[in-house]
Amino acid sequence: MSMYPIATYTNTTPASTVTFNNIPQNFTHLQVRMITRINAPGNNNWYADLGRFNGDATASNYFAHSAVQMYSTVGGGAATLASSYDTTNGLVLNNSLMEAGVSLNYMTATIFDVLDYTNTNKFKTYRSFYGFVTVPTPCQVGLFSGVWKNTSAVTSLTIYNPINNWTSNTRFDLYGISTSNTTGA
Amino acid sequence: MPIIPLSGSAVAHGALIPLGTYTYTSPAGGVGFNLPANSSIYQDLIIVCSLRNEVAGAGLTFYFNGDVGSGNYSSAYINTNAATVSAGRSASQNYIVWYQEPTPYDAPNMFATHTFHLINPHASTTTPYRTVLHKWGNDLNGNGSTGIQVISWIGAATMAAVTVGSTSGNFSTGSTFSIYGVRSVGQ
């Protein structure tokens, strides 16, 4: 298995959307490694970074599952360990930190995988591992997985936050993962 | 800033670069990876370990730059242990510690796996704070655990070293520690 960089985006000017177009079709899997923070004064806790394949905004095409541990409030609050299943407006990649009461230096790290993204006989399944932790709270760690109910090859990926812009330290790196025709490794 | 795609000769290079590895042929303490001065050419770092400890009840420790006394680490986790799922968080720790490692109480060939993803560790000397995603798994004679953790380090220094250590005792023969760099576009 080999991993190759495809594209990168650093949010040096305020933005809440990034789109990777013309994704090469010669890899087996895709991985996005991202670090995000929402700049939303007056808002608390977190909000999900969402995604769309090929610009598809059809809500009934996306479903997501999660297993998440969270401490919700600044300075304390009870832990919640929860799972969920939802129809969504897009890929749910994480819950990104936007707590107004803690330093903007705290970020949310996310690793997001899309397997067999060029296969035209499959709905596309993704998995995301993410987390943020502040002192003393809020904090959160979890897994999301989901499906895009469309068999088209993925040629573009849009990541967006519906609440506000990301901070300037926010960054997204897209990678392609190849396999060996000989070993399948 | 525009999206920067790969082009020309840059397309040829791989993203995952092995930087160092240790395989224990006799029991020994933890490993400190000193990062090269040009470590900022790697967007992320990944540390992969296969571990067993010589002392019952010992745990794994994890820290940056030898920082073990400033309360600069916080973490949150989800862990499953047999039929139980648990979660928790710790704030302002002196270093990260995780127990439930295979030890002499367990079958001799049991090792735990740990993977640490250091996301954007070289961004600058002080900001943003470093964030690590950690996952693990092991089997302890039919018990065992698997889980995930997020770690933050608020140390205000350039990241120069990463240490995977033990709360007590040595890691066993056969333990391995490997570090990889992940290169992005332009690196």
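Only a predicted model underlies this, so the values are computations on that prediction, with no experimental measurement involved. All values below come from the heavy atoms of this structure, side chains included, with hydrogens, waters and symmetry mates left out. Below, chains carry the letters A, B, ... as their sequence lines are ordered, and counting in each starts from 1.
- Only the backbone of Ala67(A) comes within contact range of chain B, judged by heavy atoms closer than 4.5 Å.
- Heavy-atom neighbours of chain B within the stretch residues 115-132 of chain A, taken at a separation under 4.5 angstrom, comprise Phe129(A), Tyr130(A), Gly131(A), Phe132(A).
- Listed for the Asp56(A) side chain is a donor-acceptor partner under 3.5 Å among the backbone atoms of Thr58(A).
- Donor-acceptor pairing under 3.5 Å is recorded for the side chains of Ser66(A) and Ser84(A).
- Side chain of Tyr24(B) to backbone of Gly29(B): a donor-acceptor contact under 3.5 angstrom is found.
- Val132(B) does not touch chain A: none of its heavy atoms, backbone or side chain, sits under 4.5 Å away.
- Using a 4.5 Å cut-off between heavy atoms, Thr167(A) does not touch chain B at all.
- By the neighbour-count criterion of 12 heavy atoms within 6.0 Å, atom OH of Tyr160(A) is densely surrounded, having more than that number from other residues, nucleotides or ligands.
- Across Val18(A), Val135(A), Ile111(A), the residue that shares the most heavy-atom pairs under 4.5 angstrom with chain B is Ile111(A).
- Here the CG-CG distance, from Leu30(A) to Leu174(A), works out to 5.5 Å after rounding to the nearest 0.5 Å.
- Both the backbone and the side chain of Tyr106(A) come within contact range of chain B, judged by heavy atoms closer than 4.5 Å.
- Interface summary for chain A: among Ser92(B), Ser90(B), Ala76(B), the most heavy-atom pairs under 4.5 angstrom belong to Ala76(B).
- Leu16(B) is listed as a side-chain neighbour of Ile46(B), based on a closest heavy-atom distance under 4.5 Å.
- With respect to Phe62(B), the ring pair (Phe, Tyr, Trp, His ring centres under 6.0 Å) criterion is satisfied by exactly one of Tyr73(B), Trp98(B), Phe116(B), Trp153(B): Phe116(B).
- Considering OG of Ser96(A) and CG of Asn164(A), their distance stands at 11.5 Å, rounded to 0.5 Å.
- Proximity to chain A (any heavy atom under 4.5 Å) is restricted, for Ala91(B), to the side chain, taken from C-beta onward.
- Atom CG of Asn22(A) sits in a sparse spot, with 12 or fewer heavy atoms from other residues, nucleotides or ligands closer than 6.0 Å.
- When heavy atoms are compared at a cutoff of 4.5 Å, Ser152(B) approaches chain A by way of both its backbone and its side chain.
- Of the listed residues (Leu133(B), Ile119(B), Val85(B), Val182(B)), the greatest number of heavy-atom pairs within a distance under 4.5 Å of chain A belongs to Leu133(B).
- Checked against a 6.0 Å centroid threshold, the rings of Phe177(B) and Tyr22(B) do not count as neighbours.
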